[in-house]
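Accompanying notes for the structure given below.
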Amino acid sequence: MSLTDGAVRSFPAGTSLGEVAQKISPRLGREAVAAVVDGEPVDLAFHPPDGASVRFVTLEEAEGLEVLRHSTAHLLAEAVMHLHPGAKLGIGPAIEHGFYYDFDLPVSLTLEDLPAIEAEMRRLAGERQPFNREELSTAEAVELFRQAGQPYKVELIEDLAKQGAGRVSLYRQGDFVDLCRGPHVPDTGWIRAFKLTSVAGAYWRGDSRRPMLQRIYGVAFAKQSELETHLKMLEEAAKRDHRKLGRELDLFSVQDEGPGFPFFHPKGMIVRNVLEDFWRELHRKRGYQEIKTPIILNEGLWHRSGHWDHYRENMYFTVIDGQNYAVKPMNCPGAMLLYRRRIHSYRDLPLRLAELGLVHRHELSGVLHGLLRVRCFTQDDAHLFMTPGQIQREIEGVIDLTDYVYRLFGFEYHVELSTRPENAMGDPKLWEQAEAALAQALQAKGLLYKINPGDGAFYGPKIDFHLRDCLGRTWQCGTIQLDFQMPERFDLTYVGEDGQKHRPVMVHRVVFGSIERFIGILTEHFAGAFPLWLAPVQVKVLPVTPAAADYGEQVATALEEAGLRAEVDGRNEKIGYRIREAQLEKVPYMLVVGEKEAASGTVAVRTRNGGDQGVRPLEEFTRQAAEEARSRSLESTACGRAGRD
RNA sequence: GCCGAUGUAGCUCAGCCGGUAGAGCAGCGCACUCGUAAUGCGCAGGUCGUCGGUUCGAGUCCGACCAUCGGCUCCA
């Protein structure tokens, strides 16, 4: 057989991969969990055919961890079957960081049940039960699971049979058997570093019309230390939760009187306005014109746009003077009306109309989540009208803009291309054209992208930008959607060079996505310690004693004149106390001023991360802080030495 | 919307088997006049998510509803 390093080695027929690994090196024999033979993942118990190409997989690799996590799911199922013998099994795959398994049980599980299940898993792991693979015809497998009282497994096998599978594989460990493609780790003794984390409801096969099963989630890693690192990361994420920080920093709130309709407090409004000012500046520079379209528009418009047929479930309606109106869930129809107001020449195109548009969508109550999932939000929208020949250049322009914005905040991102969904509007040929145009722009920009078949909007395919925050979590924000339908429906035209009417192409796009969601993400990304340009209070002036109060006011005035947001905390409290409060508010700079500073026109600079930075002339600090804010830097440069927050 | 959990002061949380509510922080007042993450003392603050039921009596038991949290489905 040939190995990954190019070596070709021979072994007696009937040698298992486990034995091969052992012969290659004792270390590989210890570390291999599975292998890939001629491109197919297999167990170490597999006997490779003559001339096979073999690659061993260890827990160092993502593939190996996936095998381990999948095996852990089986172990979980075995433990649950022991504790609840009548349980019906759903599915149990590996997921990012861990695994889950779905069960249909007569009793509801709660968090308190998890320790007992986990203990049983550890006991079974201690027995080092081997995972044994066997293959059966689908008919035999159906019979086996029917007798075992496992209807969900029977359904799965019957579906596999319908798709043409003649045989299926099963895995047994101990007294547990499961339908499974494999591969698995050699025995349950490999499963050590894991923890059951939560229990939740989940529809069978993700279909809300089918029974709800109980899903147990867990995490699993190669080593205990990695598990602990991961659990620490979760704790860190909980500390950064924007709902918690939003309350502590007094940025925003959601109240019982308006579920999903967030309130922005004065400090949150500063962050929001700074972001919007930045957005306006950016769009002005890039040839966009800003518009504002109404929030409530006649229902007829929504019939015409296709929203009535495709989006009604998510919309709010109202009646005015006996006429039906809808609250807009999207901004595009308003932009259509604006475009249609007058005749356009090809010379006007591309026409870029940007709108910070407040939209309302009826989201299911169970999905609401702080600022990240709400029922009203402001899209930093734009509708670009163009000739077909301008498509690629315009899309590239939006990609550049998005890239610029995400980098500024220190986000990395990846891109996905979503294609025609089932409820799509319009001619499939137009869809193909639109999909090709998006793919072409991505390729021209040299971006790697993943394809999500069937995930497009009902009016067109889209490019989604998923940004990655400092904890490695990804969030969908920006999207670029190409639309041939809406111009058709609204009969939009432009007069071409030939004097004839032509149909423009439209692009919908957002960069932040939703201002509300973006603020939520920024809050978590920066753990509430916003870079200077975004911080609600940029500098806090702390007079040591009332004797320095006047000087403190002078300092604050100088800062404000330089365009900085400064506050004086001259309360009758000890300086340590006021510093502590400013720290907790995550104010970027604290200026401690006493008689010495007042006498010399200086300030003692303190940063929220670096502590006391020493005394500097007021004028110098002010100038540097203003520059730091102006340049929208992520570094604290105004303390005299550079340092990333 | 569905499954499960939770809901006591602005925040974090006590409150046993039903006997009529408590702490710390925050707030307010007074004293201290202070140099880089919490000065001391005092005061005030709750129709115990809402509505209904059981009971002599409900924060505690039961039911419905509302909201939140973790998921599912859906999405910016």
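Numbers restart at 1 for each chain; the letters A, B, ... are given by sequence-line order, proteins then strands.
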_Could you write out RNA chain B as dot-bracket? Rules: Watson-Crick or G-U wobble, both distances under 3.5 Å, brackets [ ] for crossings, | for pairs with another strand, dot for unpaired._
(((((((..((((.....[..)))).(((((.......))))).....(((((..]....))))))))))))....
*When every nucleotide of nucleotides 70-76 of chain B is labelled 5' to 3' by its protein contacts under 4.0 Å (heavy atoms), B for base, S for sugar-phosphate only, - for none, what sequence of letters results?*
BBBBBBB
*Sugar-phosphate atoms are those with a prime plus P, OP1 and OP2; base atoms are the rest. Using that split, label each nucleotide of nucleotides 34-51 of chain B B, S or - for protein heavy atoms under 4.0 Å, 5' to 3'.*
BBBBBB------------
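Rounded to whole Å, the separation between the P atoms of B/C28 and B/C51 comes to 32 Å. Comparing B/G18 with B/C56, their P atoms sit 15 Å apart, to the nearest whole Å. Remark: the separation of the P atoms in B/U50 and B/C17 is 23 Å, to the nearest Å. When the P atom is compared between B/C30 and B/A14, the two are found 35 Å apart, to the nearest whole Å. Taking atom P in both B/A21 and B/C16, one finds a spacing of 14 Å when rounded to whole Å. Comparing the P positions of B/G49 and B/C75 gives an interatomic distance of 36 Å, to the nearest angstrom. Taking the P atom of each, B/U8 and B/U60 are spaced 13 Å apart, rounded to whole Å. Comparing B/G53 with B/C13, their C1' atoms are spaced 30 Å from each other, to the whole Å.
The residues A/E155 and A/R205 are annotated as salt-bridged, a charged nitrogen and a carboxylate oxygen being separated by less than 4.0 angstrom. The pair A/K239-A/D241 fails the salt-bridge criterion, with no side-chain N (NZ, NE, NH1 or NH2) lying under 4.0 Å from an Asp/Glu carboxylate O. Ion pairing between a basic and an acidic side chain is recognised when a charged N comes within 4.0 Å of a carboxylate O; A/E581 and A/R571 show such pairing.
A/W204 has its CH2 atom 17 Å from the C1' atom of B/C3, to the nearest Å. B/C3 atom P lies 19 Å from atom CG of A/L111, rounded to whole Å.
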Between side-chain atoms of residues 449-461 of chain A and protein atoms elsewhere (two or more places apart, or another chain), which donor-acceptor pairs fall under 3.5 Å?
| from | atom 1 | to | atom 2 | distance (Å) |
| --- | --- | --- | --- | --- |
| A/Y449 | OH | A/Q443 | NE2 | 3.0 |
| A/N452 | ND2 | A/E416 | OE1 | 2.5 |
| A/Y459 | OH | A/Q481 | OE1 | 2.4 |

Detail all sub-3.5 Å separations between protein N/O atoms and N/O atoms belonging to nucleotides 8-12 of chain B.
| from | atom 1 | to | atom 2 | distance (Å) |
| --- | --- | --- | --- | --- |
| B/U12 | OP1 | A/R247 | NH2 | 3.2 |

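No close placement of the A/F99 and A/Y101 rings is indicated, their centers lying 6.0 Å or farther apart. Checked against the 6.0 Å centroid criterion, the rings of A/H414 and A/F465 do not qualify as a close aromatic pair.
Residues meeting the ring-ring contact (aromatic ring centres under 6.0 Å, His included) test with A/Y203, sequence neighbours left out: none.
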_salt bridge (charged side-chain N to carboxylate O under 4.0 Å, His left out) between A/K540 and A/E585, intermediate numbers included_ = CA-CA 10 Å; A/K540 194 151 248 188; A/E585 285 169 37; 2.8 Å; yes
_Audit row: A/E355, A/K328, salt bridge (charged side-chain N to carboxylate O under 4.0 Å, His left out) steps and yes/no_ = CA-CA 13 Å; A/E355 170 171 19; A/K328 68 177 176 183; 3.1 Å; yes
*asked:* One pair to check against salt bridge (charged side-chain N to carboxylate O under 4.0 Å, His left out): A/R420 and A/E435. What are the steps and the verdict?
replied: CA-CA 8 Å; A/R420 194 163 80 98; A/E435 285 164 13; 5.7 Å; no
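Summarising the geometry, atom CD belonging to A/E524 is positioned 10.5 Å from atom CD belonging to A/E236; distances are rounded to the nearest 0.5 Å.
Geometrically, A/R272 engages A/F264 in a cation-pi contact defined by less than 6.0 Å to the ring centre and at most 45° from the axis. Figure legend: A/R215 and A/Y100 shown as a cation-pi pair, the cationic atom lying under 6.0 angstrom from the six-membered ring centre and within 45 degrees of its axis.
Ring orientation note: the planes of A/F278 and A/Y404 are tilted relative to one another, at an angle of 30° to 60°.
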